[in-house]
Structures are given as structure tokens and as C-alpha cells.
> 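Got a structure for you, written out below as C-alpha cells; questions coming shortly.
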Amino acid sequence: PLSRPKRDRHFAAQLEMCHAEDTLMFSSDWPHHTVDVPNWLFESTIDEDLRNQIIRENAREVFRI
């Protein structure tokens with residue numbers, strides 16, 4: 001799980017420290033709801049390339065699909 005900090009610079013640092021472009025994958029615990037807004041990743045300040053890595057490309061690499 002990854003919760004977004006309130007400050008954008010802290011969020012950017014968090015993503016950099018965990019090597020998000022290579023390590024993070026989208027996951028869902030649907031239908032269990034959390035307090036996080038489900039579309040927060042799409043409305044954040046991260047660029048489209050990183051978003052695509054997290055949403056699909058990292059999973060494709062891990063699962064070889």
C-alpha cells in the first residue's frame with residue numbers, strides 16, 4: 001500500500017526512494033473499500049510515463065505477460 005503525503009515534494013521523494021519506476025504495481029482489494037480515493041494516482045503530479053509503469057508495465061515484466 002502507498003498513501004500519498006500531503007506535500008507534492010514529499011510524494012516525489014517517496015516515489016524516488018522506493019524506485020517506483022521499477023518496483024511499484026497497481027493492485028486492488030476490491031470490493032473492500034479504503035479511505036483513499038480510488039483515482040488518486042491519476043490525479044497526482046506524477047508524469048504519464050511513471051503512471052504507466054505503475055499501472056501496467058511493471059506487472060507485465062514481473063508476470064511476463
Side-chain angles (χ1 to χ4, degrees):
L2 178 66
S3 295
R4 183 175 178 194
K6 291 181 182 181
R7 296 185 179 178
D8 286 343
R9 66 183 178 167
H10 293 163
F11 184 48
Q14 183 179 27
L15 293 173
E16 183 179 343
M17 286 187 290
C18 72
H19 304 279
E21 69 280 358
D22 297 320
T23 61
L24 291 186
M25 287 188 282
F26 175 78
S27 65
S28 174
D29 193 20
W30 189 87
H32 303 101
H33 301 284
T34 63
V35 295
D36 294 330
V37 179
N39 60 344
W40 72 270
L41 183 61
F42 294 102
E43 295 177 355
S44 71
T45 58
I46 66 172
D47 64 32
E48 189 173 343
D49 290 336
L50 178 55
R51 189 176 303 122
N52 287 334
Q53 285 296 120
I54 294 170
I55 295 297
R56 74 178 138 272
E57 298 303 325
N58 290 339
R60 284 182 177 169
E61 183 178 339
V62 168
F63 297 110
R64 297 182 175 110
I65 54 175

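Both backbone and side-chain heavy atoms feed into the values below; hydrogens, waters and symmetry mates do not.
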> Please tell me whether E57 and N52 have a donor and an acceptor in their side chains that are separated by less than 3.5 angstrom.
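E57 vs N52: no donor-acceptor pair found between side chains.
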
> Quick check on the hydrophobic clustering: are F11 and I54 connected, directly or via other members, by side-chain heavy-atom contacts under 4.5 Å?
yes

> Find out whether R60 and R56 are in side-chain contact, i.e. whether some heavy atom of one side chain is under 4.5 Å from a heavy atom of the other.
yes

> Taking only residues two or more places apart in sequence, or in another chain, which ones meet E61 in a salt bridge (Lys or Arg N to Asp or Glu O under 4.0 Å)?
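Salt bridge (Lys or Arg N to Asp or Glu O under 4.0 Å) check on E61 returns nothing, list empty.
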
> Ignoring hydrogens and angles, write down the donor-acceptor pairs under 3.5 Å from the side chains of residues 16-24, residues two or more places apart or on other chains.
from, atom 1, to, atom 2, distance (Å)
T23, OG1, C18, O, 2.6
T23, OG1, H19, O, 2.9

> Go through it in stages, so that I can follow the logic: the residues are F63 and M25, the test is side-chain contact (heavy atoms from CB on, under 4.5 Å), and I'd like the CA-CA distance, side-chain angles, deciding distance and then a yes or no.
CA-CA 11 Å; F63 297 110; M25 287 188 282; 4.3 Å; yes

